[in-house]
J.: 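This is the structure I have questions about; it appears just below.
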Amino acid sequence: MSAHTVFAGMPVTVFETMSGLARQHGAINQGQGFPDAPGPEALRRLAAEAVLNGSNQYPPSRGDPILREAVIEHYRRLQGVDLALDGVVITSGATEALAATLLAHVRPGDEVIILEPAYDAYRPLIVRAGGVVRAVTLQPPAWRLTEAALEAAVGPRTRMVLVNNPLNPAARVFDAEEIAALARVCVRRDLVVVSDEVWEHVVFDGRLHRPLLAAPGMADRVVKIGSAGKMFGLTGWKVGFACGSPDLIAPLAKAHQFLTFSTPPNLQTAVAAGLAWPRSWFEDMRAGLGRSRDRLSAVLTAEGYVVTPSEGAYFLCLDLAAPGLALDDTVFCRRIVEEFGVAAIPLSAFENEPVTRTVTRLCFAKGDAVLDEAAERLGRARRALL
Ligand code: PMP
Ligand code: GLN
C-alpha cells in the first residue's frame, strides 16, 4: 500500500531535527524555543496538587469553566479585550487551536494568506485542511508588513489571513500602523483572521502588544490564539486558548471535540491561577527575558556577529552575511551543532521557497552562564568558518 498522504511528503519539523542533533552532540540547545528554567514553582505545585487531589477525568470539552473565565478576565484586565464564555475554548496547546480553527474555517480551495518567514506548522495544517497557501514575504532586517503587500496577495478565493504577532521567528512586534493596515485589508476584503498571539506577553523595551481583536472592525472576524506554555515558560504543558466571537468559536469547538476532546484538567487548574497573577508578574517575566536578550546580543556582537533587532519572543537572529560568513543558514546550523556544540534554527526552514538564506535564529531564554558559553562557542565558530 502506498503511503500517499499530504504529510508523507513533508519534512520532519526543524524543531525535532535540531533538538535531536543537540542531544546527539551534547550541544547547548538554542534552537527549539524553550527556557532552561523549570517554570514558576507555584504553578507546578498547583498542578501537582491537582493531580493528587483534583479530578483526573475528562473535563468539559470546551475547557474547565474556571479556566475559561480566567482567560476572559485576563484578557479584559491586561488587553482590554471583551470575550463571552462561549467565545473561549481551551485546547491542547496553541498548535491544536490552530489545527481546529483551520479545520473548522477553511473550505477546500480557500486561499489562506500567511506571512513568511512563518511558524512551521501553518503551511502543512492549511494544506491538510484543504486550503491553498499564499505567502507574503517579509524582508530582513525590518520585517515590515505593508498594506500594499497584503492587499496584493488577496484574490477572489482568499478566505483567511493567518498572522503571528509577535512574529516568530523574526522577533518582530507589529506596530500600530501595521496592525491598522492589517485590519483595514481584512475588513475591506471581508476576511477571517487567525491571530496567533502566543508571544503576547514576551514583548520588549516598553512595546505594547496590540491584540488584533481590538482593532476597528475586527471583533467578529478574529480568532485569537494564546498559549499558557509561552506565558509561564512551561512549554511542555500545551494548554492553549482559542478566543473570539461565539459564532467563529462554535465551529472550531466542534473540531476540537474530535481532535483531542479536552486538555489535562490539572494543568487547566494551575493555568487558571497563573492568569490571575498581577500585571507586575508578566512585566518582571519579560524584563528578565529582556536582560537575557541584551546579554546574548552584547556577547555575540563582541564576538563579531551582527544581530538583528529582537522586539519580542524568545529569539534573536544572526545575520550571517553581514560579518562575511558566506554560508547557507542550514549549513551554518549543521556545522555549529556538530563542530561547536550549539544548536540554532535556520530561518529558511520557515519559508517554502527560501529567500532568506543567511539568517539564523537563537533562543536566549537561558541562564547567563549558558548564554555566555554559547556565545563563546559561536565566536570560535565564526573565526573558524570565515
Ligand atoms: N505558534 C507560534 C508562533 C509558536 O511559536 C508556537 C510555539 N512556540 C506555537 C504556535 C505552538 O504553541 P503550543 O506549544 O502552545 O502548541
Ligand atoms: N514554538 C517553538 C519554537 O519556535 C517550538 C515548538 C515546537 O517544537 N513545535 O521554537
Side-chain angles (χ1 to χ4, degrees), residues 10-23 28-36 39 63 67 71 89-102 114-126 138 143 161-174 194-203 209 212 223-243 256 259-260 263-264 267-268 271 274-275 289 310-317 333 343-351 359-366:
M10 287 178 181
V12 172
T13 164
V14 68
F15 302 118
E16 186 66 6
T17 303
M18 292 313 302
S19 285
L21 286 171
R23 281 190 289 271
I28 296 173
N29 192 350
Q30 292 193 287
Q32 194 174 28
F34 61 88
D36 62 358
L67 175 56
V71 169
V89 171
I90 308 305
T91 56
S92 292
T95 309
E96 198 224 341
L98 284 161
T101 308
L102 294 167
I114 63 173
L115 311 179
E116 277 192 345
Y119 186 60
D120 75 336
Y122 296 168
R123 186 177 282 271
L125 289 175
I126 293 167
L138 306 182
W143 311 106
V161 184
L162 198 181
V163 290
N164 175 214
N165 181 41
L167 180 66
N168 178 13
R172 266 305 315 285
V173 175
F174 293 131
V194 183
S195 188
D196 177 345
E197 301 181 11
V198 300
W199 298 103
E200 57 202 337
H201 284 308
V202 189
V203 294
H209 172 69
L212 205 52
V223 177
K224 170 181 169 69
I225 292 177
S227 169
K230 303 300 179 308
M231 288 181 176
F232 301 109
L234 295 159
T235 61
W237 275 24
K238 304 295 280 191
V239 178
F241 330 120
C243 309
H256 160 74
L259 280 169
T260 57
T263 295
L267 300 182
Q268 294 196 44
V271 168
L275 289 174
L289 284 165
S310 163
E311 300 173 351
Y314 290 165
F315 313 112
L316 56 78
C317 293
C333 287
I345 301 280
L347 246 73
S348 57
F350 299 94
E351 296 179 15
V359 182
T360 295
R361 193 194 81 173
L362 294 169
C363 172
F364 53 71
K366 311 288 174 193

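Atom set for the values below is all heavy atoms of this structure, side chains included, hydrogens, waters and symmetry mates excluded. All ligand and atom numbering here is 1-based and tracks the order in the structure.
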J.: Is NZ or CZ of Lys366 both nearer than 6.0 Å to the six-membered ring centre of Phe34 and within 45° of the ring axis?
T.: yes
J.: Evaluate side chain to side chain donor-acceptor pair (under 3.5 Å) for Asn29 paired with Ser19, printing each intermediate quantity in order.
T.: CA-CA 7 Å; Asn29 192 350; Ser19 285; 3.0 Å; yes
J.: Among the heavy atoms of Glu16, does any lie under 4.0 Å from an atom of ligand 2?
T.: no
J.: Please could you name the atoms of ligand 1 that Asn164 approaches to less than 4.0 Å, counting only its heavy atoms?
T.: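 Taking each heavy atom of Asn164 in turn, ligand 1 has 3 (C) under 4.0 Å.
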J.: Which atoms of ligand 1 are found less than 4.0 Å from any heavy atom of Lys230?
T.: 6 (C), 7 (C), 8 (N), 12 (O), 14 (O)
J.: Would you check whether Asn168 reaches within less than 4.0 Å of ligand 2, judged by its heavy atoms?
T.: yes
J.: Non-hydrogen atoms of Phe315 versus ligand 2: any pair closer than 4.0 Å?
T.: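 Distance cut 4.0 Å: Phe315 passes for ligand 2.
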J.: Please could you name the atoms of ligand 1 that Gly93 approaches to less than 4.0 Å, counting only its heavy atoms?
T.: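 Heavy-atom distances to Gly93 below 4.0 Å select 15 (O), 16 (O).
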J.: Mark up the atoms of ligand 1 that fall under 4.0 Å of a heavy atom belonging to Val198, in ascending order.
T.: 1 (N), 2 (C), 3 (C), 4 (C)
J.: Please check if the side chain of Ser227 supplies one atom and the backbone of Gly93 the other of a donor-acceptor pair under 3.5 Å.
T.: no
J.: Tell me whether Gln32 has any N or O atom under 3.5 angstrom from an N or O of ligand 2.
T.: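 Yes, Gln32 has an N/O under 3.5 Å of an N/O on ligand 2.
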J.: Main chain of Ala343, side chain of Gln30: is a donor-acceptor contact present, judged purely on distance under 3.5 Å?
T.: no
J.: At what distance is the nearest protein heavy atom to atom 7 (C) of ligand 2, and which residue and atom is it?
T.: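 Of the protein heavy atoms, Phe15 CD1, 3.6 Å lies nearest.
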J.: Are any of the side-chain heavy atoms of Trp199 and Val173 separated by less than 4.5 Å?
T.: no
J.: Given Tyr314, Phe350, Tyr119, Phe34, which has its nearest heavy atom closest to atom 1 (N) of ligand 2?
T.: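 Nearest option to atom 1 (N) of ligand 2, by heavy atoms: Tyr119.
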J.: Any N/O of Thr235 closer than 3.5 Å to an N/O of ligand 1?
T.: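 No: no nitrogen or oxygen of Thr235 is under 3.5 Å from one in ligand 1.
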J.: Run Phe241 and Thr91 through side chain to side chain contact (heavy atoms under 4.5 Å, CB included) and show every step you take.
T.: CA-CA 6 Å; Phe241 330 120; Thr91 56; over 6 Å; no
J.: What protein heavy atom sits nearest atom 1 (N) of ligand 1, and how far away is it?
T.: Asp196 OD2, 2.5 Å
J.: Verify, without hydrogens or angle tests, whether Ser310 (side chain) and Phe315 (backbone) share a donor-acceptor contact under 3.5 angstrom.
T.: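 Yes; at least one donor-acceptor contact below 3.5 Å.
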J.: Quick one: look at Arg361 and ligand 2, take heavy-atom pairs under 4.0 Å, and tell me if it's side chain, backbone, both or neither.
T.: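 Answer for Arg361: side chain.
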J.: Starting from the C-alpha separation in whole Å, work towards a yes-or-no answer on side chain to side chain contact (heavy atoms under 4.5 Å, CB included) for Phe232 and Val239.
T.: CA-CA 11 Å; Phe232 301 109; Val239 178; over 6 Å; no
J.: Please check: side-chain N/O of Arg361 versus main-chain N/O of Gly31, any donor-acceptor pairing under 3.5 Å?
T.: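 Checking the backbone N and O of Gly31 against the side chain of Arg361, a donor-acceptor pair under 3.5 Å is found.
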J.: I'd like to check whether Ala94 has a polar contact with ligand 1, where a contact means an N/O of the residue lying under 3.5 Å from an N/O of the ligand.
T.: yes
J.: Just by distance, do the side chain of Ser195 and the backbone of Glu197 share a donor-acceptor pair under 3.5 Å?
T.: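 Here the side-chain-to-backbone pair does not exist.
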J.: Any side-chain heavy atom of Val71 sitting closer than 4.5 Å to one from Leu275?
T.: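 Yes; the side chains approach each other to less than 4.5 Å.
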J.: Check whether any N or O atom of Thr95, backbone or side chain, sits under 3.5 Å from an N or O atom of ligand 1, and answer yes or no.
T.: yes
J.: Answer side chain, backbone, both or neither: which part of Lys238 comes under 4.0 Å from ligand 1, heavy atoms only.
T.: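 The answer is the side chain.
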J.: Could you list the atoms of ligand 1 found under 4.0 angstrom from a heavy atom of Trp199?
T.: 3 (C), 4 (C), 5 (O), 8 (N)
J.: Backbone or side chain, does any N or O of Gly33 fall under 3.5 Å from an N or O of ligand 2?
T.: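 Checking ligand 2 against Gly33, an N or O pair does fall under 3.5 Å apart.
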J.: Please confirm whether Tyr119 comes within less than 3.5 Å of ligand 1 when only nitrogen or oxygen atoms on both sides are compared.
T.: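 No.
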J.: Between Lys238 and Glu96 (salt bridge meaning N to carboxylate O under 4.0 Å), is one present in this structure?
T.: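 No, Lys238 and Glu96 are not salt-bridged.
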